Amino acid sequence: MASSTAGSSICMKSASCSLEHAQASGRTSRLRSVSLPTNKTFQSLRSSTGPYRLQVCCAAKPETVGKVCEIVKKQLALLDDSEVTGESKFAALGADSLDTVEIVMGLEEEFGISVEEESAQSILTVQDAADLIEKLIEKKATN
Amino acid sequence: MNLLRRTVRIPMNTFCLHRTFAASALHLAPVQLPSRAESHLWYLVPDEVKSVSLLGQYSEILSPCENEYVACIRGEQLKKTALLARVLVRTTIARYQTDGYIDPRSLKFRKNIHGKPELEWDNDDSGSRPPVQFNISHTASLIACGVTNSSPIGVDIEKKDRKIQNNIISFARRYFTPNEVERLSSISDLNVQRQHFLKLWTLKEAYVKALGKGISALPFSTFTIKSRNFEKKELNGSGDSDPEITVESVDGQRSLLSNWQFTLLELAGTHFAAVCVARDGSMGDKCFTPKKLTVMKTIPFVGDESMSGTDAAIVCGF
């Protein structure tokens, strides 16, 4: 009768592109810990008959990531079927600084949040934007 | 392993500069370093570089890391621009040799804490180290690289016909200063307003890039870019040699930052280009001599064309 762990950390390396070209400060490695907040639902990946249950959850809801992808595609005039996912880097999609700020403004209006310019440096991928949005929404809800 | 070499014939009309191109001679004509009172602005039009062979040779100049980055980019046009931007930087800097030939492949770059690319020299390079400062900007259709002798420089370009997704005044209220919002709001023609917005954006970007920061480190709401002509100020001193475009820090004190010079151009007929250069420290405030900007169009290893004083490099009002 194994009890499921309430949360487990999974480290994910971001896309294989060279980190030298990250827009932000000179971090030489980029491991992102994905931890499970206890108030979020999660799916189990393995059946309960296994020796342990592995549970995975994305930091931001897929709907949030999807909405960010939509706004990004619109800003960059990409076709609907073009491949934009959580791992997509803004710079690699052809976004310049004005695009990024326009996207952030679009996200602020869509989600009713305020993103400080200082945070913009840390938004390199669609996932980063989605994670930040959910963090700001949560912060706003608890204030 | 035998490598078979293919001879590639390049049609003469591929290059608008009408120069001969010898596939085997990767020759970079040296360029004299600008004086402290000058800056250089180089630009390249990606659509004019069609030769597959030349593009292949360009790839050989990039570092493995840069090639890896270019390979990650989706879309042929974006890939090509990323390749050409790095080629333009490497070849341009290598041409400012002060002490013998510099192989563009040998240059090393790093990013400062805010992400601005800088040259990185090994300790044993001290002899052949030209005091070049540079900054690059590109769109899908143009790449520009500004160069100075020792002075910090920032360059930003935008396509003149670029559409803004958000409402311009809402955007300006969110990110710019009240003074700038007022100026934008006073423009009734929406197209003129959009163009003024783009000019303002490039000037602000050029400034933060010259400082070595980005918008994150220096939010655009903390400084105002102003036009002397618009403000109609009566300035003491020599009138015409006073700067037309100035930057003021919005820190409650509104301090004029007089050690930065701005040039705003219409470049290649298609883009706005803003260049921001630190003034030489030895010049006093009362004696403002604008730094001369020389504009050159280039295709690396093929040829250059001087564009200063032509329709391709028009100083525009702000």
Side-chain angles (χ1 to χ4, degrees), chain A residues 14-28 70-79 81-85 87-110 113-126 128 132, chain B residues 63-75 77-79 81-82 86 108-118 137-140 156-159 162-168 170-176 197-198 201-202 204-205 208-209 213-222:
Chain A
S14 62
S16 61
C17 296
S18 169
L19 295 167
E20 194 177 280
H21 301 281
Q23 288 173 15
S25 56
R27 289 172 281 176
T28 53
E70 239 178 76
I71 289 170
V72 168
K73 281 186 191 179
K74 188 177 164 212
Q75 175 65 32
L76 303 181
L78 300 173
L79 298 171
D81 60 354
S82 58
E83 200 188 316
V84 179
T85 65
E87 289 294 308
S88 300
K89 283 186 157 191
F90 287 120
L93 291 171
D96 64 11
S97 54
L98 180 52
D99 286 313
T100 306
V101 177
E102 285 227 76
I103 288 167
V104 169
M105 186 168 167
L107 297 174
E108 287 186 328
E109 290 181 349
E110 175 70 31
I113 50 171
S114 178
V115 180
E116 297 303 311
E117 279 93 311
E118 289 80 356
S119 314
Q121 189 165 292
S122 60
I123 300 177
L124 302 181
T125 65
V126 168
D128 292 337
L132 180 61
Chain B
S63 69
C65 206
E66 288 172 330
N67 272 321
E68 196 183 298
Y69 176 75
V70 171
C72 272
I73 292 174
R74 295 183 171 277
Q77 193 187 31
L78 287 177
K79 261 195 210 303
T81 313
R86 282 151 183 80
K108 293 192 206 61
F109 298 92
R110 59 163 183 245
K111 294 202 174 184
N112 79 358
I113 194 167
H114 302 294
K116 181 179 184 182
E118 296 174 338
S137 178
H138 65 85
T139 64
D156 193 59
I157 64 173
E158 289 293 345
K159 265 200 106 186
R162 181 183 182 141
K163 298 283 177 279
I164 310 301
Q165 292 290 332
N166 293 284
N167 174 275
I168 284 175
S170 301
F171 186 102
R173 283 204 183 107
R174 173 69 184 83
Y175 292 106
F176 293 171
F197 172 91
L198 289 171
W201 178 271
T202 58
K204 289 174 90 78
E205 265 289 288
V208 301
K209 289 173 84 177
K213 305 188 178 189
I215 189 172
S216 311
L218 192 63
F220 281 11
S221 55
T222 62

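Chain letters run A, B, ... following the sequence lines, proteins first and then strands; every chain starts at 1. Just so you know, these numbers come straight off a predicted model, no measurement behind them.
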Seminar exercise, completed: Whatever's closer than 4.5 Å to a heavy atom in chain A on B/Ile164 counts as both
Problem set entry | Closest non-hydrogen atom pair between A/Glu118 and B/Pro219, with its separation | OE2-CG, 3.8 Å
For this session: To the nearest 0.5 Å, tell me how far A/Ser82 OG sits from B/Arg74 CZ.
Result: 9.5 Å
Problem set entry | Counterpart residues, salt bridge (charged side-chain N to carboxylate O under 4.0 Å, His left out), relative to B/Lys204 (two or more places apart) | B/Glu180
Exercise. OH of B/Tyr175 to CG of A/Leu98: how many Å apart, nearest 0.5 Å?
Worked result: 10.5 Å
For this session: With sequence neighbours left out, write down each residue that passes side-chain contact (heavy atoms from CB on, under 4.5 Å) with B/Arg110, or none if nothing qualifies.
Result: B/Glu118, B/Glu120
For this session: Select one option (side chain, backbone, both, neither) describing which atoms of B/Ser170 are under 4.5 Å from chain A's heavy atoms.
Result: both
For this session: Identify which of B/Glu205, B/Arg162, B/Lys163 forms the greatest number of heavy-atom pairs closer than 4.5 Å to chain A.
Result: B/Arg162
Problem set entry | Ion pair check, B/Lys159 and A/Asp96, cut-off under 4.0 Å | no
Exercise. OG/A/Ser114 to CZ/B/Arg174 distance, rounded to the nearest 0.5 angstrom?
Worked result: 4.5 Å
For this session: Assess whether side-chain contact (heavy atoms from CB on, under 4.5 Å) is satisfied between A/Val101 and B/Trp201, documenting all intermediate values.
Result: CA-CA 11 Å; A/Val101 177; B/Trp201 178 271; 3.7 Å; yes
For this session: Of all the heavy-atom pairs spanning B/Tyr69 and A/Ala91, show the shortest one and how long it is.
Result: OH-CB, 3.8 Å
Exercise. Passes side-chain contact (heavy atoms from CB on, under 4.5 Å), A/Glu117 versus B/Ser221? Steps please.
Worked result: CA-CA 10 Å; A/Glu117 279 93 311; B/Ser221 55; 4.1 Å; yes
Problem set entry | Any donor-acceptor pair under 3.5 Å from A/Glu102 side chain to B/Asn166 backbone | yes
Exercise. Who wins among A/Glu116, A/Glu108, A/Glu109 for the most heavy-atom pairs under 4.5 Å with chain B?
Worked result: A/Glu108
Exercise. Can you say whether B/Ile215 sits under 4.5 Å from chain A via the side chain, the backbone, both, or neither, judging by heavy atoms?
Worked result: both
For this session: Report, as yes or no, whether the 6.0 Å neighbourhood of atom CD on A/Glu83 holds more than 12 heavy atoms from other residues, nucleotides or ligands.
Result: no
For this session: Give, as side chain, backbone, both or neither, the part of A/Leu93 having an atom under 4.5 angstrom from any heavy atom of chain B.
Result: backbone
